[in-house]
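Below: one structure, written as C-alpha cells.
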Amino acid sequence: MLEIQLLPVRSDNYIFLGRDTATGFRFVVDPADAEPVLDALAGGTLDAILNTHHHGDHVGGNLALKAATGCTIIGPAADRDRIPGIDRAVADGETVALGASEALVMDVPGHTRGHIAYYCAGSAALFCGDTMFALGCGRLFEGTPAQMWEALKRFRALPADTRVYCAHEYTESNLRFAEHLLPDDPALNAYGAEIRAKRAQGLPTVPALIGQETAVSPFLRADEVGMAAKLGLAANAEPVAVFAEIRGRKDRF
C-alpha cells in the first residue's frame, strides 16, 4: 500500500509525495519545485520521480531533486526529449515498481502529445497529471478532442473507488462552469455543496473519486443520453463532438 502526501505549491499545484509502506520506497509525482519536497523528506531518501508530462510546473524540480538525492527520473517515452534528467522512458502498458507496489503506465495524450498517467491498482490511486481534474479536464494544447475523450473513458472505466490525484486545485472554478452548463443537476448541486464547504475551510478537494466524477462531471458524461440535447446539439451527435463542445465552452467560460 502507498501513503500519499499532498504538497501544495505555487498558486494551485499539488506535488504528491508517496511512500510504499512495505519497503519505505519514496517517490514524488510531478515536482514543480524541489524545495517543498526536500523539506517534506527532512533528510530522508527519495528513490524516484514520476513525471506525467513536460510542462514546467510538473518538472521544474527534477534536476535539483536528482542532484540532491540521486533519484531516478521516470517519464513519458513520447516526450523523453522534454523531460529534464529523464533516466527511464515508459509507455502504455509498462509497469513501474514502487517498492512492493506497482504503477501501470497509461498513455493519455490530449493535454500534451506525450502525456501519461500512473495507475496503482493496489492502492486505488491514479496520478493523472493534467489530463483529468475534479469536475474538469486539461486544455487541449497539443492533442485532439478524440484523444482526450478516449483518455477520459479509460479513467472512467477504473474502479469507482479509485482516488484521482490530479495536479491542480481547479475544482471550484470547474464547479462554476459545470453548474452553468447543467444548472438543474441534483447530484452536481450536492457535490458542489461539499466542494464549497471544503474550500471554505481551506481543505483540498483532491483526491477525487472516479465513481463520483463519473456521475457528475460533464466532461465524463459526453455520451450520456440527453447530454447532446442539453447543449443544443443534434440528439444523435457523436460523443466526441459533444465532448468537444463542452471543452470549447469551458475554454470560453
Side-chain angles (χ1 to χ4, degrees), residues 52-53 55 78 92 104 106-119 124 126-195 205-253:
T52 61
H53 65 295
H55 285 161
D92 196 63
L104 173 69
M106 304 172 71
D107 280 346
V108 286
H111 180 63
T112 64
R113 72 184 188 204
H115 204 302
I116 60 174
Y118 300 89
Y119 172 51
L126 173 70
F127 299 101
C128 61
D130 285 357
T131 297
M132 177 180 169
F133 302 116
L135 288 176
C137 75
R139 285 181 177 269
L140 303 179
F141 289 122
E142 299 177 355
T144 66
Q147 287 176 318
M148 183 65 86
W149 176 236
E150 287 303 313
L152 294 177
K153 286 196 296 181
R154 292 188 72 182
F155 291 164
R156 194 176 64 176
L158 296 174
D161 64 349
T162 302
R163 292 167 294 155
V164 182
Y165 289 91
C166 46
H168 291 275
E169 184 58 69
Y170 287 165
T171 314
E172 268 192 308
S173 173
N174 290 337
L175 172 62
R176 289 191 291 272
F177 170 72
E179 289 174 333
H180 169 77
L181 197 71
L182 304 169
D184 301 316
D185 190 303
L188 175 61
N189 292 335
Y191 189 34
E194 294 178 21
I195 289 166
T205 62
V206 176
L209 291 174
I210 284 289
Q212 189 163 41
E213 290 298 312
T214 297
V216 297
S217 174
F219 294 92
L220 297 180
R221 296 164 61 189
D223 56 355
E224 183 178 283
V225 174
M227 183 61 71
K230 290 178 182 178
L231 300 177
L233 302 177
N236 62 348
E238 291 294 325
V240 68
V242 179
F243 169 77
E245 177 69 18
I246 295 170
R247 181 63 257 182
R249 292 192 187 191
K250 179 63 168 66
D251 290 343
R252 300 186 295 272
F253 184 69

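Since we're looking at a predicted model, the values are computed, not measured.
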Say you draw a straight line from [atom1] of [X] to [atom2] of [Y]; how long is it, rounded to the nearest 0.5 Å?
{"X": "Tyr165", "Y": "Leu126", "atom1": "OH", "atom2": "CG", "answer": "10.5 Å"}
{"X": "Thr112", "Y": "Phe141", "atom1": "OG1", "atom2": "CZ", "answer": "10.0 Å"}
{"X": "Leu181", "Y": "Arg249", "atom1": "CG", "atom2": "CZ", "answer": "6.0 Å"}
{"X": "Met132", "Y": "Phe155", "atom1": "CE", "atom2": "CZ", "answer": "7.5 Å"}
{"X": "Leu188", "Y": "Gln212", "atom1": "CG", "atom2": "CD", "answer": "10.0 Å"}

task = Identify, with sequence neighbours excluded, every residue that meets salt bridge (charged side-chain N to carboxylate O under 4.0 Å, His left out) alongside Arg163.
result = none
message = Among residues at least two apart in sequence or on other chains, which ones pass salt bridge (charged side-chain N to carboxylate O under 4.0 Å, His left out) with Glu142?
response =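 Here the qualifying residues are Arg82.
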Who passes side chain to side chain donor-acceptor pair (under 3.5 Å) against [X], sequence neighbours left out?
{"X": "Asp223", "value": "Arg156"}
{"X": "Asp251", "value": "Arg139, Arg247"}
{"X": "Tyr191", "value": "Glu213"}
{"X": "Gln147", "value": "none"}

Can you name the side chain to side chain contact (heavy atoms under 4.5 Å, CB included) partners of [X], sequence neighbours left out?
{"X": "Ala146", "answer": "Thr144, Val240"}
{"X": "Asp184", "answer": "none"}
{"X": "Ala160", "answer": "none"}

inquiry  = Side chains of Thr131 and His115 only: does a donor on one sit below 3.5 Å from an acceptor on the other?
reply    =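 Present: a donor and an acceptor within the cut-off.
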task = Give a yes or no on whether a salt bridge exists between Glu150 and Arg154, defined as a side-chain N under 4.0 angstrom from a carboxylate O.
result =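 Salt bridge: no.
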Table please: side-chain donor-acceptor pairs of residues 224-233 below 3.5 Å, with sequence neighbours left out.
from: Glu224; atom 1: OE1; to: Arg221; atom 2: NE; distance (Å): 2.9
from: Glu224; atom 1: OE2; to: Arg221; atom 2: NH2; distance (Å): 3.1

key: Worked check of side chain to side chain contact (heavy atoms under 4.5 Å, CB included) between Cys137 and Leu152   = CA-CA 8 Å; Cys137 75; Leu152 294 177; 4.0 Å; yes
If you compare all heavy atoms of [X] against all heavy atoms of [Y], which two are closest, and at what distance to 0.1 Å?
{"X": "Tyr119", "Y": "Pro159", "result": "OH-CD, 3.3 Å"}
{"X": "Phe243", "Y": "Ala222", "result": "N-CB, 3.6 Å"}
{"X": "Val242", "Y": "Ala237", "result": "CG2-CB, 4.0 Å"}

inquiry  = Run the side chain to side chain contact (heavy atoms under 4.5 Å, CB included) test on Ile210 and Leu220 for me, step by step, so that the C-alpha distance in whole Å, both residues' side-chain angles and the decisive distance to 0.1 Å come before the verdict.
reply    = CA-CA 10 Å; Ile210 284 289; Leu220 297 180; 5.8 Å; no
Kindly list each side-chain donor-acceptor pair under 3.5 angstrom involving residues 172-179, sequence neighbours excluded, with atom names and distances?
from: Asn174; atom 1: ND2; to: Ala134; atom 2: O; distance (Å): 3.0
from: Asn174; atom 1: ND2; to: Tyr170; atom 2: O; distance (Å): 3.4
from: Glu179; atom 1: OE1; to: Arg196; atom 2: NH2; distance (Å): 2.8
from: Glu179; atom 1: OE2; to: Arg196; atom 2: NH1; distance (Å): 3.0

Would you check if [X] and [Y] make a side-chain contact, meaning some heavy-atom pair closer than 4.5 Å?
{"X": "Thr52", "Y": "Asp130", "answer": "no"}
{"X": "Ile195", "Y": "Leu135", "answer": "yes"}
{"X": "Pro218", "Y": "Leu182", "answer": "yes"}

inquiry  = Please determine whether side chain to side chain contact (heavy atoms under 4.5 Å, CB included) holds for the pair Asp92 and Met106, giving the CA-CA distance in whole Å, both sets of side-chain angles, and the decisive distance to 0.1 Å.
reply    = CA-CA 5 Å; Asp92 196 63; Met106 304 172 71; 4.2 Å; yes
Sidechain-backbone polar pair: Arg113 side chain, Pro109 backbone, donor-acceptor under 3.5 Å =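 No: the side chain of Arg113 does not pair with the backbone of Pro109.
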